[in-house]
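Numbering starts at 1 and runs along the sequence shown.
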Amino acid sequence: MQACTGDFEEMNTSKTKLTTLTAAELPFLFSRAQQQASYQSGTYQVAQNLFADLFAQYFATSVAYFPTDRFFMRDDWLVNHWNPIYTQVVPQLKTILEQTEANTAENALANVMWVYAFHRLTDYYGPVPYSDAGIPAISVKYDSQESIYRDFFVRLDAANTVLKANAAAKPYGTFDLIYAGDVNKWIKFTNTLRLRLALRISKVDPAEAKKQAEAAVAAGVMTEVADDAYMVKKLVGDDGNGLARIAVWNEFRMSASMESVLKGYSDPRIGIYYQPATNTKTYDGLRNGLTPTQLGLPKNSSDDNSNVGTRWVTGSGAAWNTNFETPQDIMHTAEAYFLRAEGALNGWNMGGTAKDLYEKGITASMAQWGLTGAAVTTYINSSAKPVAPGDQQNSPALSDVSIKWEEGATDAQKREKIGTQKWLALYPDGMEAWAEYRRTRLPKLYPVVNSDNAAVPAGKVLRRIPFILSEKETNGAAVDEAVKLLGGPDNAATPLWWDKN
């Protein structure tokens, strides 16, 4: 018996598929990880918009078939938030981390993107597979959120050190979809992300929060609008801007919370964030949590309320046009100033007073949208307050917080000013805005009108997303252990580790 096996390896090696990775392929992996970490095109809808964007009350649903606005957890949608991280981000970044030296800028940026992707994931669920993520196994353990955050700070500190030692490098070049390999901008991004996470743990571990926040500011955070982080978006590969892609579907509109604040403040950003409703030609919003019956009443249709601004879509009614190539918002300089303002109120060394940093935050947010000069100064000094939106629920004004910083104001009033303006400046990043709302309870958002979630009745705050069904079915033992780490039942009412409200 004879067999021709001399060319067995050649016969079983694909001529068209990549079987060996070289340094030349790593930039492609980095691009893919960046794209998926913030969710591409239509995935954005079921990963972010129908959950965090609604819970942050940037938007409210205007159609009856989206129950998540009433806190109902659609597990079949949530896999679109979970799966991309573990299938499209972790494998790519782990490969880069394994095939690059720890002292290279490429390795450092992979660590930064790892933290960026995972902090959004853990801030949805709490414990998640982390230290063993990407390791093939029948069962993959979940890590506590506390241990995950500890690792975040280690990675970001090390990345800052490596990037500063490689300031002249151009890691990944144009394959870096955010800064095109600009290390100096990545240094500021890294430290601003560290500052964000430091404030996140300020109620659960004030000493560590202070240490990390002061280290981040000393190392250099975002200070100029030119530092803002946006991700390049293209039509190729269905990689359009996620918010723009879904805004043409007429399924969500401005929230009543946004209407109350933006109209009350005569905020010039209202015409950038949103556009006049098709029918009324005015800026109008909806309360979150309306039932199908309520959505069918006059004034509650999509055409009676405001879609997102022309940066994302143009047109009206049934004839909306998507601006697919609008860059996707990743992080804004204004956020760094508001984080520092809060830190200053905590007594931390943030390189300025709370008042100065607060006003610089407003100025930076306005400038990012092209608003400068006397109008911004007038806004900063305004005593205007939110107004009643005039909706069917006869909602009162969202709060009585004004814009102007009064030195005689109470600590709580100052924090509400910072929280409200940060909420406005974070737009349209509902994932970060919802996380900060859970941490600070600011701004004082309207309660949902109705809840379809027994664990979180109307008037209560949704605290987290429960673990997904597919994990319970395929990784059940690990999920059972993860529930123990939660310190409460696996439902939407159990707070995360850093949520001490």
Side-chain angles (χ1 to χ4, degrees), residues 52 56 112 115-116 118-124 126 145-146 148-157 160 188-223 227 229 330-362 364-365 411-412 414-427 429-443 461 463-464 495-501:
V112 174
V115 174
Y116 174 79
F118 267 106
H119 98 276
R120 288 153 60 90
L121 190 76
T122 186
D123 287 349
Y124 252 38
Q145 189 171 49
E146 179 178 4
I148 292 171
Y149 263 73
R150 301 297 178 208
D151 188 68
F152 286 165
F153 293 125
V154 171
R155 287 179 185 258
L156 293 176
D157 183 43
N160 172 68
K188 294 181 179 182
F189 180 95
T190 299
N191 292 314
T192 303
L193 181 56
R194 186 178 183 180
L195 178 63
R196 171 191 283 184
L197 301 179
L199 267 295
R200 188 84 90 245
I201 68 169
S202 59
K203 290 187 177 181
V204 68
D205 193 344
E208 183 67 13
K210 178 178 185 291
K211 170 187 169 183
Q212 295 296 338
E214 290 183 343
V217 172
V221 296
M222 294 176 171
T223 56
D227 299 331
I330 300 298
M331 185 182 287
H332 302 148
T333 295
E335 179 189 351
Y337 281 114
F338 291 122
L339 292 169
R340 291 169 65 190
E342 183 181 348
L345 280 185
N346 294 342
W348 305 347
N349 182 4
M350 295 286 100
T353 66
K355 176 180 184 295
D356 181 52
L357 294 167
Y358 168 78
E359 293 178 350
K360 285 183 176 179
I362 295 175
S365 180
D411 181 78
K414 291 175 181 177
R415 290 181 188 275
E416 186 175 0
K417 291 176 189 289
I418 293 170
T420 302
Q421 287 298 326
K422 181 168 61 176
W423 177 68
L424 292 173
L426 285 171
Y427 181 90
D429 187 358
M431 294 190 75
E432 182 58 24
W434 180 42
E436 283 295 85
Y437 174 68
R438 285 175 286 161
R439 178 180 72 85
T440 65
R441 292 296 188 273
L442 297 171
V461 174
R463 314 289 283 267
R464 64 179 285 272
L496 299 184
W497 165 70
W498 45 253
D499 179 357
K500 292 301 176 183
N501 291 291

Please check this pair: side chain of Asp227 against backbone of Thr223, looking for a donor-acceptor N/O pair closer than 3.5 Å.
yes
Assess whether side chain to side chain contact (heavy atoms under 4.5 Å, CB included) is satisfied between Tyr149 and Val204, documenting all intermediate values.
CA-CA 12 Å; Tyr149 263 73; Val204 68; over 6 Å; no
I'd like to check Phe152 versus Thr122 (side-chain heavy atoms, cut-off strictly below 4.5 Å). Are they in contact?
yes
How many angstroms lie between CD in Glu335 and CG in Leu199, if you round to the nearest 0.5 Å?
9.0 Å
Check whether any side-chain heavy atom of Lys188 sits under 4.5 Å from a side-chain heavy atom of Val221, and report yes or no.
no
Distance-minimising heavy-atom pair for Tyr337 and Ala364:
CD1-CB, 4.2 Å
Is Gln145 reaching over with its side chain to a backbone N or O of Trp497, donor-acceptor style, under 3.5 angstrom?
yes
Stepwise side-chain hydrogen bond (donor to acceptor under 3.5 Å, both in side chains) check, Arg415 with Asn346:
CA-CA 10 Å; Arg415 290 181 188 275; Asn346 294 342; 2.8 Å; yes
How many angstroms lie between CD1 in Ile418 and CG in Leu442, if you round to the nearest 0.5 Å?
9.5 Å
Distance col, row Arg340:CZ vs Leu345:CG, nearest 0.5 angstrom, shows 13.5 Å
Within the structure provided, determine whether Met331 and Arg196 are in side-chain contact (heavy-atom separation under 4.5 Å).
yes
Quick check for you: to the nearest 0.5 Å, what is the distance between Asn160 atom CG and Leu193 atom CG?
11.5 Å
May I ask you to decide if Pro206's main-chain N or O and Ser202's side chain share a donor-acceptor pair within less than 3.5 Å?
no
For Ala213 and Ala198, work out which heavy atoms get closest and say how close.
N-CB, 3.6 Å
How about Lys203 and Asn501: does a side-chain donor come under 3.5 Å of a side-chain acceptor?
yes
From CG (Asn349) to NZ (Lys210), nearest 0.5 Å
8.0 Å
Regarding Asp499 and Arg438, does a basic nitrogen lie under 4.0 Å from an acidic carboxylate oxygen?
no
Leu195 versus Ala336, closest heavy-atom pair with distance:
CD2-O, 3.8 Å
Mind checking whether Tyr358 and Phe338 have parallel, tilted or perpendicular rings, split at 30° and 60°?
perpendicular
Anything under 30° is parallel, anything over 60° is perpendicular, the rest tilted; go ahead and classify Tyr116 against Phe189.
tilted
Got a sec, which residues hit side-chain hydrogen bond (donor to acceptor under 3.5 Å, both in side chains) with Lys417, two or more places apart in sequence or on another chain?
Ser402, Glu406
Heavy-atom check, side chain of Thr420 versus side chain of Lys422, under 4.5 Å
no
Any idea which heavy atoms bring Leu357 and Gly352 closest together, and the distance?
CD1-O, 3.7 Å
Short N-O contact, Arg200 and Glu436, less than 4.0 angstrom
yes
Just wondering, do Tyr437 and Trp423 contact through their side chains at under 4.5 Å, heavy atoms?
no
Look only at the side chain of His332 and the backbone of Ala425, and say whether a donor-acceptor pair between them is shorter than 3.5 Å.
yes
Output yes when Glu342 and Arg439 qualify as a salt bridge under the 4.0 Å nitrogen-oxygen rule, no when they do not.
yes
Applying side-chain hydrogen bond (donor to acceptor under 3.5 Å, both in side chains), can you list everything that pairs with Gln212, at least two apart in sequence or on another chain?
Arg194, Glu208
Flag for Asp123-Trp498: side-chain donor and acceptor within less than 3.5 Å:
yes
Using salt bridge (Lys or Arg N to Asp or Glu O under 4.0 Å), reason through Arg150 and Asp205 one step at a time and then give a plain yes or no.
CA-CA 11 Å; Arg150 301 297 178 208; Asp205 193 344; 2.8 Å; yes
Chi angles and distances behind the side chain to side chain contact (heavy atoms under 4.5 Å, CB included) call for Ile330, Asp429
CA-CA 8 Å; Ile330 300 298; Asp429 187 358; over 6 Å; no
Counting N and O atoms only, with roles assigned by atom type, does the side chain of Ser365 sit under 3.5 Å from a partner on the main chain of Gly361, one being a donor and the other an acceptor?
no
Pairing residues for Tyr427 by the side-chain hydrogen bond (donor to acceptor under 3.5 Å, both in side chains) criterion, not counting sequence neighbours:
none
Answer yes or no: is there a side-chain heavy-atom contact under 4.5 Å between His119 and Ile148?
no
About how many Å separate CD1 of Ile362 and CG of Leu424, when rounded to the nearest 0.5 Å?
9.0 Å
